[in-house]
Enquirer: 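Before we start, here is the structure in question, set down as structure tokens.
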2 protein chains.
Amino acid sequence: MTTIKDLAKAAGVSITTISRALNGYSDVNEKTRKRIQTLADQMGYRPNAVARSLVTKKTRTIGVILSEINREGAKDSLAFETLCGINDRAVELDYDILLFSTNPKKQLSKSYADLCKERNVDGAILSGLRLHDPYLEEVVHKTNFPCVLIDIPAESRNVGHVTTDNVRGAAAAVNHLIGLGHRRIAMINGHDEAAVSQDRLEGYKLALAAAGIPFDTKLIYNGGFKEEGGFEAMYGILYQHPGVTAVFSASDLMVLGALRALERLGHRAPERMSIVGYDDIAIAAHCSPPLTTIRQDRYAMGYQAAQLLVDMLENRDIGRKITLQSELIVRQSTAPLSV
Amino acid sequence: MTTIKDLAKAAGVSITTISRALNGYSDVNEKTRKRIQTLADQMGYRPNAVARSLVTKKTRTIGVILSEINREGAKDSLAFETLCGINDRAVELDYDILLFSTNPKKQLSKSYADLCKERNVDGAILSGLRLHDPYLEEVVHKTNFPCVLIDIPAESRNVGHVTTDNVRGAAAAVNHLIGLGHRRIAMINGHDEAAVSQDRLEGYKLALAAAGIPFDTKLIYNGGFKEEGGFEAMYGILYQHPGVTAVFSASDLMVLGALRALERLGHRAPERMSIVGYDDIAIAAHCSPPLTTIRQDRYAMGYQAAQLLVDMLENRDIGRKITLQSELIVRQSTAPLSV
DNA sequence: CCCCTTCTCCAAAACGTTTCGGAAGCTCGT
DNA sequence: ACGAGCTTCCGAAACGTTTTGGAGAAGGGG
């Protein structure tokens, strides 16, 4: 590995001059700069980022903490799409990405803040965390570490936030069902520790209220965003509330489970039950029936999150919150209420 | 940020002692070690990994270079599953992951080797690269940078390789079709720059030969591993070779396109055409018809790749090559040849 | 009592950069 | 001819660790 020292020796100038030449400072003669530049290319010199970081205190690296990086995460590629968005924007802005998983074991020994401190990332993007994750609170409140949260409402000087308009998305889903004539509409929600669940429930309520349909707590099931949870929820709905003709699910994955439950009991969607999901995962367009769902653009969310974080890091003061819109995609899992 | 210096001052000992105490050396009194340890905890001391790396020359970081980290990659989550596997094993082995994308723009300015040199990763895992990628050749031959290649056959002192038995997988797929009575079997392959394509073609040929079916180059189509490519290939097969009753595709994604082509022309699988895919992507089990396919365990591949790389990094001399088995999953896109 | 171990501890160098504060040498106006 | 002001360069400190090579003290055997 050629270092700046080797280069200085070879060029017959000081280390300082090499550094300033290569970094485009104005106090070095254009001719010597050229000479140094070509020499550097010849010798294959690459500045050592570690040494540089040590003195500049910047690593041009952002930590990405995704809870969904695990084997199950593959089915819904939400985390992956987010990561792609983050990555693409990060590359454009010339930042690197350090991937932190949230393996339960590691969570115990080291908090995110510790991870970030140790590895000296300039900032972090967090996604898929529970609302009351203790480490999350630490990051947001105790440290003032720059970070961007995805789908977790929190803002402060150094904390940004990107999400989609979940209230509106959910309302659109439920309105679609109401427009099809459905009145008894159940909801399969995620879990209480997710901000999006609260928002989507809110949207569900709003849509019902606007249509003059009374809200019934009993029609709210929690499926934990899991396929299995959707299965059980649908089972419960069919047995406990046979009058229900439509379901709004807070995730497509849970719809897959719900469809299995329907089938198991000899029913089909949308004939027996209209279902609208959330996310528009890849499977949604291909499963049977293809799912009516609310599409959220996870790629864009990641992309915006990276942009927002870098804006914060480079002291461009713009808004701390970004809300993207979602879109109702009508496919064949919903149908008019047959009387 | 508390540094080792602050800690030394607070504890009234030298920097050396702090370092050696915290790193578990034997030449520090157990009492002082305890004292230092609790003091470090109190003060929230975190060793600066950057400074440490500068002197140790190790970063405990592995670079992951995946070409498929982009918006399109979301549909087949192969890259993601691989990443999950890498990540899980890396966490267990206490390594971090630096994610390099292969944005075309960046490829021009910096080679992988440069990326790795600059960022001082200890080693790298590469996947999704074309067989004759110039930068790949550089990594493998010119530098002796430790890396593990996924699905790219190359071995040397510092280069490992993990793949699945693509020849056998393909042969199993084709044998399945032959067993169902099919004789005119086309293949939709990826592209010539993929090692897996060559292997799968090999398996296809082998299976045909074993059954005494003559090989016909005209029945080989290239779909470039793209959905659209599968569409066009199937179109071509139906028009140019109406006698074909079964297709082996080198990826499920291309099968999705092929199914669309079939449908467009008023046909259905498996009635008109039996199709077996490759990969067993998430959609495969849910689409219509559910796909018969060869499952390869991308997660395991990533996991093994990480293990192999770390073994190499830590000078455990084991094999440089890992081949995982694949598995035929029979669903409903294949059926006995109806005479 | 002296020498040899063993146990603790430490000063200083090293890693490869950036950057601060000059210091020469040159030009130019007066 | 002289100082001011540029231009171009450089020495040395700093960043936060690890590691080398010892040094002082305590203990033990002869």
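By convention in this document, chain letters (A, B, ...) are assigned in the order of the sequence lines, proteins followed by strands, and residues within each chain are numbered from 1.
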Enquirer: Got a list of protein N/O to nucleotides 23-28 of chain C N/O distances below 3.5 Å?
Expert:
none

Enquirer: In whole Å, what is the span from the CG atom of B:L22 to the P atom of D:dT19?
Expert: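 Rounded to the whole Å, the gap is 14 Å.
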Enquirer: Identify, with sequence neighbours excluded, every residue that meets side-chain hydrogen bond (donor to acceptor under 3.5 Å, both in side chains) alongside B:T61.
Expert: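 B:T61 satisfies side-chain hydrogen bond (donor to acceptor under 3.5 Å, both in side chains) with A:R119 only.
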Enquirer: Looking at B:S19, I'd like to know whether one of its side-chain N or O atoms comes within less than 4.0 Å of OP1 or OP2 on D:dT17.
Expert: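 B:S19 to D:dT17 OP1/OP2: no side-chain N or O under 4.0 Å.
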Enquirer: The criterion is salt bridge (Lys or Arg N to Asp or Glu O under 4.0 Å); which residues satisfy it with A:E155, sequence neighbours excluded?
Expert: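 Testing A:E155 for salt bridge (Lys or Arg N to Asp or Glu O under 4.0 Å), a comparison that skips the adjacent residues, returns none.
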Enquirer: Could you check which residues of residues 23-32 of chain A get a heavy atom under 4.0 Å from DNA chain C? Sort them by number, please.
Expert: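 Heavy-atom cutoff 4.0 Å gives A:N23, A:Y25.
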Enquirer: Would you say C:dC9 has OP1 or OP2 under 4.0 Å from some side-chain N or O of B:S14?
Expert: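 It does not, given that no N or O in the side chain of B:S14 lies less than 4.0 Å from OP1 or OP2 of C:dC9.
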Enquirer: Rounded to whole Å, how long is the line connecting atom CZ of B:R33 with atom P of C:dC7?
Expert: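 The answer, rounded to whole Å, is 14 Å.
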Enquirer: What are the two closest non-hydrogen atoms of A:M301 and A:D151, and how far apart are they?
Expert: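 Taking A:M301 first and A:D151 second, the nearest heavy atoms are CE-OD1, 3.6 Å.
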Enquirer: In whole angstrom, what separates B:I18's CD1 from C:dC10's P?
Expert: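 The distance from CD1 of B:I18 to P of C:dC10 comes to 9 Å, rounded to the nearest Å.
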Enquirer: Is a donor from one side chain sitting under 3.5 angstrom from an acceptor on the other, for B:Y299 and B:D88?
Expert: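 Their side chains do contain a donor-acceptor pair, which is all the 3.5 Å distance test asks for.
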Enquirer: Looking only at atom types and distance, does a side-chain atom of A:R20 sit under 3.5 Å from a main-chain N or O of A:D27, one as donor and one as acceptor?
Expert: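 No, the answer is negative, given that no donor and acceptor are paired below the 3.5 Å cut-off.
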Enquirer: Residues two or more places apart in sequence or in another chain: which of them pass side-chain contact (heavy atoms from CB on, under 4.5 Å) with B:E30?
Expert: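 B:E30: side-chain contact (heavy atoms from CB on, under 4.5 Å) contacts with B:R33, B:K34.
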Enquirer: Using a cut-off of under 3.5 Å, enumerate the N/O to N/O pairs linking the protein to nucleotides 12-16 of chain D.
Expert:
{"unit_1": "D:dA12", "atom_1": "N6", "unit_2": "A:T16", "atom_2": "OG1", "d": "3.3"}
{"unit_1": "D:dC15", "atom_1": "O3'", "unit_2": "A:K57", "atom_2": "NZ", "d": "3.0"}
{"unit_1": "D:dG16", "atom_1": "OP1", "unit_2": "A:K57", "atom_2": "NZ", "d": "2.8"}
{"unit_1": "D:dG16", "atom_1": "N2", "unit_2": "B:A51", "atom_2": "O", "d": "3.4"}

